[in-house]
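Worksheet for the structure shown next.
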Number of protein chains: 2
Amino acid sequence: MFVGMTGTTENQQAARRSDATRATILAAARERFAADGYEKATIRAIARDAKIDPSMVMRYYGNKAGLFAEAVAIDPNLPGLPFEPREEIGRTLVRHFLTLWEENEELTALMRVGATDPAAAERMQSVLREQLIPLARRLGPEPDQAPARAALCASTVLGLALTRYVLRFPASMALGREEIVDWLGPTVQRYLTAPTP
Amino acid sequence: MFVGMTGTTENQQAARRSDATRATILAAARERFAADGYEKATIRAIARDAKIDPSMVMRYYGNKAGLFAEAVAIDPNLPGLPFEPREEIGRTLVRHFLTLWEENEELTALMRVGATDPAAAERMQSVLREQLIPLARRLGPEPDQAPARAALCASTVLGLALTRYVLRFPASMALGREEIVDWLGPTVQRYLTAPTP
DNA sequence: CTTGTTGGTCAACTCGTGTTGGCCTATGTT
DNA sequence: AACATAGGCCAACACGAGTTGACCAACAAG
């Protein structure tokens with residue numbers, strides 16, 4: 001074992017020819033998962049989009065679950081956000097989430113799948129647990145209220161994502177980016193910093 | 001044709017013995033659809049829950065789509081809500097939605113399915129179009145802003161339903177009923193009646 | 001008692017899915 | 001030139017889904 005490879009350049013990134021198709025498959029998978037959800041996005045359809053054989057998907061990603069896992073690997077990276085000015089954190093968060101959603105279609109995929117798959121739902125929850133709640137704990141009054149405040153913020157942005165990117169309500173898609181920030185920003189700001197009503 | 005039946009009592013509701021199993025099937029279907037979504041809620045599983053044969057489901061409801069259609073037939077009936085006091089409409093709406101969701105598990109089913117099925121998504125959208133937007137038009141300033149305001153309200157309550165009943169985030173399920181009304185009520189109130197920011 | 005209707009079960013069919021293993025063809029090394 | 005290997009395709013398998021139609025058991029009517 002451990003023989004073969006290209007012979008000369010082994011450990012270093014070898015820039016295999018297959019990396020191109022690997023990437024093509026992953027891109028097609030992201031599109032299909034985002035558009036159709038887990039069950040309806042068949043491996044055959046993904047392979048057709050990538051113009052390769054279904055068995056290649058298995059060779060490169062093991063099985064369908066593995067493909068999905070790699071397709072939706074993403075981190076919102078909330079701790080990297082600027083905290084001040086403190087009274088702008090609501091608008092900053094909303095703007096950040098909008099950008100995130102418009103640049104990564106795998107987030108839509110994650111929501112579509114999370115609606116029926118507990119594992120995907122857990123993945124979303126982990127963002128709340130590990131990033132949003134700590135943020136709420138640092139920003140808001142009464143640290144023990146942090147889970148509640150963070151849950152309200154999550155429900156706000158996920159609700160928008162649901163109506164706009166998943167259900168695709170025309171009235172929600174018609175909203176402009178800054179219009180959304182103007183409406184939701186104060187809401188998130190209040191959930192995070194206002195005293196308990 | 002038109003012969004047969006029970007002979008004596010034809011047109012009137014005959015109280016067939018099968019009505020009981022019909023109802024049992026429908027109840028089991030609602031539970032399964034709410035818990036698992038459309039694809040994962042198999043006819044075989046529903047039939048097992050109802051303790052009858054899968055073929056009975058077909059006999060009574062034609063096919064799986066027909067069963068789902070009857071299982072999620074529901075109307076939120078927003079026009080029947082009291083409008084005044086006008087500054088309480090936000091809290092009234094939130095309270096109404098909470099009650100709706102806790103009494104009818106088919107709403108959770110509709111959301112789970114709507115995440116991947118355009119037909120179910122359209123069903124949800126029709127509520128927005130035919131009930132929420134008209135309500136926003138009557139309540140808010142600038143009637144041409146009604147779709148935007150209604151969309152924001154929909155995103156608010158659907159976001160809560162998503163995190164609480166579909167994704168089942170513990171932090172969201174931990175919120176008390178009146179706690180939710182206290183937080184979301186003012187939000188919805190502002191979306192409906194506040195001047196454009 | 002016979003008979004036709006109703007409520008129900010059983011076993012099978014068909015189709016699409018994820019998944020597997022064998023085979024072919026370049027490509028690059030010796 | 002000979003050959004090993006990586007990249008790729010093809011055909012098939014196994015399985016679970018929705019759906020169908022033949023058959024069976026009560027039971028009420030004639």
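Quick note on labels: first sequence line is chain A, next is B, and so on, each numbered from 1.
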- Message: Please report the distance, rounded to the nearest Å, between CZ in B:R59 and C1' in D:dC23.
- Response: 11 Å
- Item | Separation of D:dG8 C1' from A:D19 CG (nearest whole Å) | 15 Å
- Message: Could you walk me through whether A:F169 and B:L158 satisfy the side-chain contact (heavy atoms from CB on, under 4.5 Å) test, starting with their C-alpha distance in whole Å, then the side-chain angles of each, then the deciding distance to 0.1 Å, before giving a yes or no?
- Response: CA-CA 12 Å; A:F169 289 172; B:L158 291 183; 4.1 Å; yes
- Evaluation steps, side-chain hydrogen bond (donor to acceptor under 3.5 Å, both in side chains), between B:R177 and B:T99: CA-CA 9 Å; B:R177 184 187 163 86; B:T99 306; 2.8 Å; yes
Grab the N/O contacts between the protein and nucleotides 14-19 of chain D below 3.5 Å, and write none if there aren't any.
unit_1 : atom_1 : unit_2 : atom_2 : d
D:dG18 : OP1    : B:I43  : N      : 3.4
D:dG18 : OP1    : B:K64  : NZ     : 2.8
D:dG18 : OP2    : B:I43  : N      : 3.1
D:dG18 : N7     : B:R44  : NH1    : 2.5
D:dG18 : O6     : B:R44  : NH2    : 2.9
D:dT19 : OP2    : B:K64  : N      : 2.9

- Query: When you check the gap from the basic side-chain N to the acidic O, do A:E102 and A:R164 get nearer than 4.0 Å?
  - Reply: yes
- Message: One thing to verify: whether A:E122 and A:R129 come together as a salt bridge, which I'm taking to mean a side-chain N less than 4.0 angstrom from a carboxylate O.
- Response: yes
- Indicate if A:V127 and A:V157 have the same hydrophobic cluster label, given that clusters are the connected sets of ILVMFWY residues with side-chain heavy-atom separations under 4.5 angstrom. no
- Note on the structure: Atom NZ of A:K51 and atom C1' of D:dG7 are separated, to the nearest Å, by 18 Å
- Task: For B:R22 and C:dG8, give me the distance from atom CZ to atom C1', rounded to whole Å.
- Result: 15 Å
- Query: Would B:K40 count as a cation-pi partner of A:Y38, with NZ or CZ less than 6.0 Å from the six-membered ring centre and within 45° of the ring normal?
  - Reply: no
- D:dA25 P sits how many Å from B:I52 CD1, rounded? 20 Å
- Query: Just how far, in rounded Å, is C1' of D:dA25 from CG of B:D53?
  - Reply: 15 Å
- Query: Under 4.0 angstrom, heavy atoms only, what part of the nucleic acid is A:Y61 near: base, sugar-phosphate, or nothing?
  - Reply: nothing
